[in-house]
Structures are given as structure tokens and as C-alpha cells.
J.: 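Structure in C-alpha cells, see below.
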Amino acid sequence: MKDNIYKLLVFLLILCSASNVKANNASKNKKKPNIIFLLADDLIYNGLGYLGDNDFKTPNLDKLATQGITFTKAYNTTAICMASRAQYMTGLYEFSTGCNFTHGNLNYETWEQSYPHLLKQNGYTTGFAGKFGFHVDEANGKKGSSATVKPSFDWWCGWMGQGSYEMLKNKEAVEYHKTHEGEEEHTTYALGKMGAEFVSTHAKTDKPFCLSISFKAPHTPYAIDPRYEQLYAETEFNKPGNFGEGDQLSKNAQSGRPFSKGKTWMKDFQGTMSKYHTMVHGMDVAIGMIISELEEQGIAENTIIIFTSDNGHFNGSKSMGGKLYAYEEGSRAPLIVYNPMLPKNKRIQTIDALSGNIDLAPTILDLAKVDIPEHYQGKSLVPVIEGKKKDIHESLMLINVWGIRSSQSLGIVTKDWKYIYWMYGAEGFETTEELFDLNNDVLEQNNLINNKSAQAKLLEMQNIYDIWLNTWSDKMVNGNGYPKYVKLGDRNISFESHPWDMVKSMYPDQDKVKNKAAKKNKKQKKPKNNN
């Protein structure tokens, strides 16, 4: 009898202990914030209405900016979607992810240290919707698919590649097809609906959530949502101060993709701007749908919202379109952190600390009170937001090792200065250096490389550049085409001394592209047989 009573007491103690642990864990989780990370595609750093440069209609993002924290010097360390999106997830530079077009995919071991994967392991409900933008290789090294990354998410409404602006064509977006089978919808609007549905479903659970939505907008093609077709019909947009100055660029810069994409902006600036910013407005509406649902569910005060873009966009600046380059319009992005849980004196700020896309993964983990991996190259923005640090970076590296050989470059940016090294010097091109005083020349119209009064600053920036190239050598992946840039990027090695095989591999498909173009031209020039 006594033994039975003793066993019963032990059982009750264990039960109570387990209940207390569960209650404590639930209580602990409830104290953690929900986090929503919103990523635009190709949004220029000054492309939102709150900046006042143009009559841009972005009321929801403007409200987040004016009631939150804006970072004025936020850069994408690689200004192209595949590479940049991998960096946002992993907190690493491109030379450490090994991930970019013509280079390779992210390996699975690196993915296991991404912020979504770590958050799920630490008690968060994780969701993803939209354009994932890169692939993660399987553990065995084979190219992965959405199935490779879906285990890191509790809720999946994404796709790996560019996707379509017709949501029904995004076949990998599981949750949309599950709840909206056969429903035609513009993809941007659909992402707003799906984000709101995620919030509605997960608002009242014990677990905090992290929802990441990566928009396709305003990336080309400019597929306007019919809802907003006449939005900017009567608007006259201001041209940037360096509009149409392409003839002042180096021959290297003129040879690349941004310059060719600029032709549309040169031909019809007003029409192209109208389409571009109508796409941005559609994204703003979608974001407003998510914010409204947060308020409806009563969790807005416990939800942090972060908004930025995977790269910038030239929009006619320097006669260019697209992105890629280290110039401000290509590499800078808007960055807004809305955190209603901060003390009132910290909630609204404008911060000029240098920051990069590599900083968002550690920032999200820090906000969630999850340990930041030691190998991360980015740093949390939280100490800057809280006023504990003024700066977290003295400089950032700006990388473009994708695209035709002549347009590849490496750059360094500090809060005040920028140095760019165009590393190709064959076939009529020359290795070219550029130095810009960003405080006095934000449009980068005055290259100070030969200015006598700037020579001390030039030496300083060149020294920082050399240090970064050593970091590249120490931290790079051993493959995917990155080791050769330790030499190609070395400004102290003459370009002529590089073996042609190494130079040629700066863009592996270039000869193939040239041969294809030559065949096409030959076919077009072939005289017609009129007999």
C-alpha cells in the first residue's frame, strides 16, 4: 500500500514538473516577438514616397518608415537577386556562399545555418512565400529543389526561380494552390493575401512566428495589376540628376548589362517609370493587407516588420537600367525596421550606420534571442538600434563577378567614400579605378582618382580594398570560380600577366554567347533567294 502511494506521488511530481516546463516554455516563447521579413526585387533606394523626391504612392511603407527606423546607408554586397538572396538568408558574402549565376548553388551545410532553419530549430513557426531566388544543393551535392528547403519551413508558398506574375503558374506555391485552387490572381496581390492568411492562422498559437515574403515586384517584366492601371496616368516624374550621363562612364561600365538595359529608360523615361512604380504600389498594397491582418488579430504590437530590397535599380541614372554595379543606384537599398516593442525614444530613428544585406540574418536571430553563428560575416543591427554602438562596419565589399568579363568589378564602400576597381584589361579595355566622395557627390559624377587633393584618401581606400581581398582569400569557398579572383582582383598584378584560360573563365559562357550571336547575324545577313 505504501509503495503504491509512493509511486503515485512520484508520478504526480513528474507530471507537475513536465507541466511547469511546458508552461515556462510557452511563457518564454510568448515573450519572443513575431518577425516579418519583406524583400522587394529591384527597388531603388529612393523609390518610396516618404522620401519626397517624387509623388510615389506607397502609403503603407511610408507609415512603417515614419513610425520606425530607416537606415540610409544599406548596401547589397552583391547587387543581383540570386547572390543577394542567399546572403540575406545566411549572413555571408558571396565568396563564402559560392552562390550566384554561372558560379553555383548554396551547399546544404551552409543552408543549415540560415536564419529560417535556425529559427525553426529554436521554437519559431516559419513560413515562406514568393520568389526564393536561388537553389540549395542536396547533402549529396546534387542540385536541390523546393523540396530541399521546405523542411526548414512549417508553411510554404514559394518557388525557386523567377516565377510568374500570374500566380497560378507558380506551381511550387503549395499553400496558394491548397486554399485558392484555380483562382487567377496577380502574384503580388496573391502574396498579400497569403501573408494575411498566414498571420490569421498563426496569430493565436503559443509559438512565435517568422514569415519571410520575397516579392517578385518590381522586377521586369512590368506586368501591371489591372487594379492600378491608371494610377500614374497624369504623373510627371522627376529625372535623376545624373540621368543620361552614360558617356561619362568607363568603357568597362558601358560594356555591361545595365547599360544595355538603360535603353528603355532613355527612350521612354516617363512611361517606364510609371510601369515600374505601379509595380511598387502593388507591393505596397500587399504589405498593407498583411499589416491590417496583424492589427485585426491583435498582434501588431508584438510583431517586428523588416523591409528591404535584394538590390537597387538604376532607372535611367548614368543612362542605365538593371543593377549589378557598385554605384549607389545599383547597390543601395531602402531598409526599414519597424519595432513597436522598442522604448519610445528608440522606436523612430534615422540611422546612417553602414549596413549590408549580410546583416539581416544576424539581426533577425538577435531579435528572436537565438544565438548567432560565429562564422557569420554580417553583424546584428540591434546594438546600433539600441544606441549601444554607433557603427558595426567600417567598410563593406561590393562584388560583381557575374556578367561579361569587361564589366566585372570589386568595390569598397565606407560611410563617406567609395572605391571601385574594374579588373578587366584586354580586348581594348583597361583596368580602371574610381573614387567617389559620397558626402559631396552622392550621384557619383566626379571620379577623384586623379585628383591631387584626394590621393591620401585613395591610398587609404586601396589599402582597405587589399585587406578585403585577403579576406576573400581566407574565407572563400574552394571552388565555384572564386579562387581566381584573388589574383584577378589584385590591383598590383598587371592584367597582361594573367593566363588567358583564367581570364576567359571570368565568364565561362561568353565565347558560347558570342558564337551564337555571330551565327544569328550571319543567318540574318544571308542574301534572300528571289528566284
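Scope of the values below: all heavy atoms of this structure, side chains included, with no hydrogens, waters or symmetry mates.
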J.: Would you please indicate if the ring centroids of Tyr485 and Phe95 are separated by under 6.0 Å?
T.: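 No, they do not, as the ring centres are separated by 6.0 Å or more.
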
J.: To the nearest 0.5 Å, what is the distance between NE2 (His177) and CD (Glu172)?
T.: 9.0 Å

J.: Is it the case that the side chain of Asp352 and the backbone of Lys415 share a donor-acceptor pair, with hydrogens and angles ignored and the cut-off at 3.5 Å?
T.: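 Not at all, since once roles are kept as given, no pair shorter than 3.5 Å links the two residues.
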
J.: Can the ring centroids of Trp472 and Tyr465 be said to lie less than 6.0 angstrom from one another?
T.: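 Trp472 vs Tyr465: aromatic centres not under 6.0 Å.
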
J.: Using the six-membered ring wherever Trp is involved, compare the ring planes of Tyr276 and Tyr222 and label them parallel, tilted or perpendicular (cut-offs 30° and 60°).
T.: perpendicular

J.: Is the charged tip of Lys475 near the ring of Tyr93: under 6.0 Å from the six-membered ring centre and within 45° of its axis?
T.: no

J.: Any salt bridge between Lys178 and Glu197, counting N to O under 4.0 Å?
T.: no

J.: If you look at every heavy atom in Leu118 and Gln113, which pair is closest and at what distance?
T.: CD1-O, 3.5 Å

J.: Could you tell me how the ring of Tyr176 sits relative to the ring of His180: parallel (under 30°), tilted (30 to 60°) or perpendicular (over 60°)?
T.: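 Rings of Tyr176 and His180: parallel, under 30°.
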
J.: Whether Lys216 engages the ring of Tyr165 as a cation-pi pair (distance to the six-membered ring centre under 6.0 angstrom, angle to the ring normal within 45°) should be assessed.
T.: yes

J.: Answer yes or no: is there a side-chain heavy-atom contact under 4.5 Å between Ile336 and Thr70?
T.: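 In short, these two side chains touch, coming nearer than 4.5 Å.
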
J.: Can you find a heavy atom in the side chain of Trp155 that is under 4.5 Å from one in the side chain of His202?
T.: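 Yes, close enough: below the 4.5 Å cut-off.
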
J.: Do the ring planes of Phe314 and Tyr325 sit parallel (below 30°), tilted (30 to 60°) or perpendicular (above 60°)?
T.: perpendicular

J.: Going from CD on Gln349 to CD on Glu386, what distance comes out if it is rounded to the nearest 0.5 angstrom?
T.: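 The CD atom of Glu386 is 10.0 Å from CD of Gln349, to the nearest 0.5 Å.
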
J.: Tyr108 vs His117 aromatic rings, parallel, tilted or perpendicular, using cut-offs 30° and 60°?
T.: perpendicular

J.: Quick one: does Tyr482's side chain get under 4.5 Å of Val401's, heavy atoms only?
T.: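 Yes. Closest side-chain heavy atoms under 4.5 Å.
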
J.: Would you call the rings of Phe153 and Phe132 parallel, tilted or perpendicular, where under 30° means parallel and over 60° means perpendicular?
T.: perpendicular

J.: Report yes if the side chains of Thr77 and Glu94 come closer than 4.5 Å at any heavy-atom pair, otherwise no.
T.: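 They are not in contact (no side-chain heavy atoms under 4.5 Å apart), so the answer is no.
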
J.: How long is the gap from CG on Asn60 to CZ on Phe307, to the nearest 0.5 Å?
T.: 11.0 Å

